Amino acid sequence: MLPIGFLEGLNPVTLLLIGAIAVLLFGERLPEVARSMGKRLVEFRRGFQNLQDELRSAAFADTNTSMGSTSGSDYSTRTSEVDQDLATAPKFVPPPSEPPVTPDL
């Protein structure tokens, strides 16, 4: 699903204006242009998804090789431990308190 954050500033009048300009520019070819843009968007999403999958598999492959060789059930235990480690937040350590400043008399 595409985020619609870029549509926040567009009101119905602006959308109608954009639609009118599109009809003037493309005329009868508008359905064909919209179809080709849709196909390109789908191809872009697939390529982006493949890139994300590749990066994730590479990241987990590096993590798994640093743990050493794993076997069957041990593999699932270690990957769940890795996922848990990645999901945790760092522990909050408050800054050391400074001694109160006393005015010189």
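Just so you know, these numbers come straight off a predicted model, no measurement behind them. Counting from 1, the numbers follow the sequence of the chain as shown.
- Placement of L25 and L17 within a single hydrophobic cluster is found when ILVMFWY residues are connected by side-chain heavy-atom separations under 4.5 Å, directly or transitively.
- If you chain together hydrophobic residues whose side chains sit under 4.5 Å apart, V42 and F44 never meet in one group.
- Residues L15 and F26 do not share a hydrophobic cluster, clusters being chains of Ile/Leu/Val/Met/Phe/Trp/Tyr side chains in contact below 4.5 Å.
- Exactly one of R45, M37, K39 qualifies for a side-chain contact (heavy atoms from CB on, under 4.5 Å) with L41. That residue is R45.
- Partners of L51 under the side chain to side chain contact (heavy atoms under 4.5 Å, CB included) rule, at least two apart in sequence or in another chain, are L55.
- Evaluation of the side chain to side chain contact (heavy atoms under 4.5 Å, CB included) rule for E43 yields no partner, not counting sequence neighbours.
- Note: the hydrophobic cluster containing V33 also contains I21 (ILVMFWY, side chain heavy atoms under 4.5 Å, direct or indirect links).
- Within the structure, the side chain to side chain donor-acceptor pair (under 3.5 Å) test picks out the following pairs touching residues 13-35 (sequence neighbours left out): N11-T14.
- When the shell of 6.0 Å around CD of Q52 is examined, it contains more than 12 heavy atoms from other residues, nucleotides or ligands.
- If you check the side chains of Q49 and D53, you find a donor sitting under 3.5 Å from an acceptor.
- Two different hydrophobic clusters hold I18 and V23 under the rule that ILVMFWY side chains link at heavy-atom gaps under 4.5 Å.
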